[in-house]
Q: 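I have a structure I would like to understand better, so I am pasting it below and will then ask my questions one at a time.
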Amino acid sequence: MTMRLGTRTLQGQRREHPSEAGSTRSYTRDKSMSKNVTASITFSAADGKLEAANGTFTAFVAGDPVFVQGTNLNNGDFIITAIDATNSAYLAVDPAPKDEGPLSATVRTP
């Protein structure tokens with residue numbers, strides 16, 4: 001395909017880059033995940049919570065879908081049903097997670 005820009009000709013094809021591609025053409029940035037936390041998290045089945053240190057979950061809101069990774073038993077998708085409004089130290093999720101932790105895990109939302 002030849003493109004003409006004024007009197008000059010640009011040889012080659014136009015390259016389209018997905019929005020996730022970085023300047024190095026590496027697809028490492030995932031712009032669809034806007035909230036991302038990696039912390040020491042305890043998963044509690046009895047009360048359906050993900051618990052961490054105070055201030056860990058400040059960016060999250062009830063109703064957000066979350067994706068958990070880095071665990072042995074709880075990798076997958078959850079929906080936030082409630083948040084610790086005082087300290088942002090826990091997320092109540094549905095379905096209830098399996099008992100695990102504390103361990104380093106990543107919680108992120110689309």
Side-chain angles (χ1 to χ4, degrees):
M1 178 171 130
T2 304
M3 291 179 32
R4 297 194 182 273
L5 302 172
T7 59
R8 298 176 189 226
T9 302
L10 181 64
Q11 299 296 322
Q13 294 186 351
R14 174 175 237 158
R15 294 184 182 189
E16 298 294 328
H17 299 287
S19 62
E20 296 87 23
S23 59
T24 62
R25 298 185 187 179
S26 172
Y27 296 98
T28 57
R29 294 188 305 169
D30 189 354
K31 289 190 173 186
S32 65
M33 298 293 184
S34 60
K35 302 169 189 172
N36 190 346
V37 171
T38 300
S40 178
I41 300 173
T42 302
F43 297 84
S44 175
D47 46 0
K49 292 182 180 177
L50 284 62
E51 301 175 24
N54 288 347
T56 302
F57 301 115
T58 56
F60 296 90
V61 295
D64 276 348
V66 292
F67 179 72
V68 176
Q69 65 187 75
T71 69
N72 296 320
L73 303 173
N74 291 298
N75 289 341
D77 297 310
F78 298 90
I79 300 291
I80 299 174
T81 58
I83 302 170
D84 177 10
T86 306
N87 299 321
S88 300
Y90 71 80
L91 299 175
V93 295
D94 183 44
K98 297 178 175 99
D99 287 327
E100 186 176 22
L103 55 89
S104 180
T106 300
V107 178
R108 56 188 195 162
T109 64

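Along the sequence shown, residues carry numbers from 1.
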Q: Going from OG1 on T42 to CD on E51, what distance comes out if it is rounded to the nearest 0.5 angstrom?
A: 6.5 Å

Q: Looking just at side-chain N and O atoms, do Q69 and N75 make a donor-acceptor pair shorter than 3.5 Å?
A: no

Q: Measure across A46 and D99 and return the closest heavy-atom pair with its distance rounded to 0.1 Å.
A: N-OD1, 4.3 Å

Q: Could you tell me which non-hydrogen atom of A52 sits nearest to which non-hydrogen atom of F57, and how far apart they are?
A: CB-CE1, 3.8 Å

Q: Under a 4.5 Å cut-off applied to non-hydrogen side-chain atoms, are S40 and S104 in contact?
A: no

Q: Please check: side-chain N/O of K35 versus main-chain N/O of A59, any donor-acceptor pairing under 3.5 Å?
A: yes

Q: Kindly give the heavy-atom pair with the smallest separation between S44 and P97, and that separation in Å.
A: O-CG, 3.7 Å

Q: State the CD1-CG distance between I79 and L91, to the nearest 0.5 angstrom.
A: 12.0 Å

Q: Go through V66 and I80 one step at a time and tell me if the side chain to side chain contact (heavy atoms under 4.5 Å, CB included) criterion holds.
A: CA-CA 7 Å; V66 292; I80 299 174; 3.5 Å; yes

Q: Distance from K49 atom NZ to F43 atom CZ, nearest 0.5 Å?
A: 14.5 Å

Q: Will you find, in the side chains of T106 and T38, an N or O donor that is under 3.5 Å from an N or O acceptor?
A: yes

Q: So, taking the atom named OH in Y90 and the one named CZ in F60, what distance separates them when rounded to the nearest 0.5 Å?
A: 15.0 Å

Q: Determine whether F78 and P95 make a side-chain contact, defined as any pair of heavy atoms from C-beta on separated by less than 4.5 Å.
A: yes

Q: Rounded to the nearest 0.5 Å, what separates atom CG in N72 from atom NZ in K98?
A: 11.5 Å

Q: Between T81 (side chain) and A92 (backbone), is there a donor-acceptor pair under 3.5 Å?
A: yes

Q: Run the numbers on L103 and I41 for side chain to side chain contact (heavy atoms under 4.5 Å, CB included), then give the verdict.
A: CA-CA 6 Å; L103 55 89; I41 300 173; over 6 Å; no

Q: Measure from the side-chain N and O atoms of D84 to the backbone N and O of T86, and report whether any donor-acceptor pair falls under 3.5 Å.
A: yes

Q: Quick one: pull up CG in D64 and OG1 in T109 and give me the separation to the nearest 0.5 Å.
A: 5.0 Å

